[in-house]
Amino acid sequence: MDVFSLNGKNALIIGGAGGIGGVIARAYRDGGARVAIAGRSLSKMALMADELNPHDPSKAAYVVDARQPSALSKLAATVRSDLGTIDVLVNCQGTTTIKPALEITEDEYDLVADTNLKSVFFACTAFAPHMIAKGSGAIVNIASLAAHSGWSQAASYSASKSGVVSLTQSFAAEWGQDGVRVNAITPGFFMTDLNRSRMSDSRKQRATDRCAMKRMGELCELAGAAVYLASDAAGFVNGSTLRVDGGYLSSGI
Ligand SMILES: NC(=O)c1ccc[n+]([C@@H]2O[C@H](COP(=O)([O-])OP(=O)(O)OC[C@H]3O[C@@H](n4cnc5c(N)ncnc54)[C@H](OP(=O)(O)O)[C@@H]3O)[C@@H](O)[C@H]2O)c1
């Protein structure tokens with residue numbers, strides 16, 4: 001269906017060499033977009049860059065530490081000069097610390113808050129002006145289940161993701177009149193580098209037990225939501241948070 005096509009769109013996925021970001025990058029490419037990714041490590045992005053742009057991988061992967069607003073401004077300028085205006089920005093960078101709140105140090109708190117929340121604020125404000133000037137654009141922020149309920153041993157992560165949902169709504173309210181839509185996805189549990197070794201077996205078990213579908217998600221099950229929010233099919237969808245969690249948040253007792 002044409003309405004889901006990403007033909008002619010330029011997309012940038014920050015965190016695009018990660019588990020979820022990689023799936024989104026491939027789905028956008030398959031949907032017709034020209035896709036680039038960004039992250040801290042060029043070597044980590046090399047394979048994906050070759051895959052996304054075999055003729056010129058240097059225009060498919062960009063180094064950025066998204067915790068630094070000045071680096072994000074530089075990224076926006078470089079990518080615009082290389083590819084043109086970015087039509088779709090995905091904020092898929094993230095980290096976590098699973099530890100009792102009473103043991104979290106200031107540095108550990110800042111790492112999570114800066115990577116997950118501050119970076120989203122400044123990535124959005126770095127790329128939105130180009131979208132506003134063009135009169136169209138879509139931003140997709142990857143939030144988390146943890147935005148919507150208490151998250152024992154991950155308080156800083158949970159707070160940062162609540163902030164992402166809040167930013168999504170505020171930017172949607174501010175830029176909707178300029179044709180820029182800002183939405184979020186709330187993934188449930190998907191096995192990636194983020195949680196593979198950080199989550200204990202018992203925590204993994206609880207994650208599946210509490211999910212209505214009694215399993216973790218397959219990464220490919222996130223692709224449709226990300227394509228939808230980036231596409232014209234979601235032309236009047238702005239400020240929303242789309243849950244892809246197997247019914248986790250809908251489950252009570
Ligand atoms: N997996 C889940 O179950 C789950 C559930 C809900 C939400 N999420 C969210 O989904 C997003 C992607 O996570 P994932 O599960 O795919 O984990 P992942 O595989 O570890 O990917 C995280 C990505 O973030 C990038 N990143 C980290 N710090 C960065 C920084 N300072 N600057 C730029 N990029 C940075 C990493 O690239 P470099 O290390 O190369 O910089 C990596 O590509 C995160 O926001 C996470 O919170 C995941």
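For clarity, every value in this text was computed on a predicted model and none was experimentally measured. Every heavy atom of this structure was used, including side-chain atoms; hydrogens, water molecules and symmetry mates were not.
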Legend entry - Verdict with supporting geometry, R198 and D193, salt bridge (Lys or Arg N to Asp or Glu O under 4.0 Å): CA-CA 8 Å; R198 284 189 178 104; D193 288 350; over 6 Å; no

Inset, instruction - Just do the side-chain contact (heavy atoms from CB on, under 4.5 Å) check on V90 and L12 with the steps written out, would you? - result: CA-CA 6 Å; V90 181; L12 178 74; over 6 Å; no

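Looking only at side-chain heavy atoms (C-beta outward), C124 and N91 come within less than 4.5 Å of each other. Between R67 and R40, some side-chain heavy-atom pair lies under the 4.5 Å cut-off. Using a 4.5 Å cut-off on side-chain heavy atoms (C-beta onward), R80 and I86 make no contact. L222 has its side chain within reach of P187: a pair of non-hydrogen atoms, C-beta onward, lies under 4.5 Å apart.
Shown here is R210, whose CZ atom has no more than 12 heavy atoms of other residues, nucleotides or ligands within 6.0 Å.
In terms of hydrophobic clustering, with Ile, Leu, Val, Met, Phe, Trp and Tyr side chains grouped at heavy-atom distances under 4.5 Å, Y157 and V120 are assigned to different clusters. Side-chain heavy atoms closer than 4.5 Å link hydrophobic residues (I, L, V, M, F, W, Y) into clusters, and following such links, possibly through other members, connects I139 to V64. In this structure, I20 is a member of the same hydrophobic cluster as L52, with clusters built from ILVMFWY side-chain heavy atoms closer than 4.5 Å.
Side-chain atoms of S144 do not come within 3.5 Å of backbone N or O of A147 as any donor-acceptor pair.
A side-chain hydrogen bond (donor to acceptor under 3.5 Å, both in side chains) check over residues 179-192, counting only residues at least two apart or in different chains, returns the pairs H148-T186, N183-S240. For residues 53-73, the set of pairs meeting the ring-ring contact (aromatic ring centres under 6.0 Å, His included) definition, not counting sequence neighbours, is empty.
Salt bridge status for K118 with D110: absent, with no side-chain N to carboxylate O gap under 4.0 Å.
Applying the side-chain contact (heavy atoms from CB on, under 4.5 Å) test to S149 and every residue at least two apart in sequence or in another chain returns W151, L249.
Ring planes of F127 and H130: perpendicular class, angle over 60° (limits at 30 and 60°).
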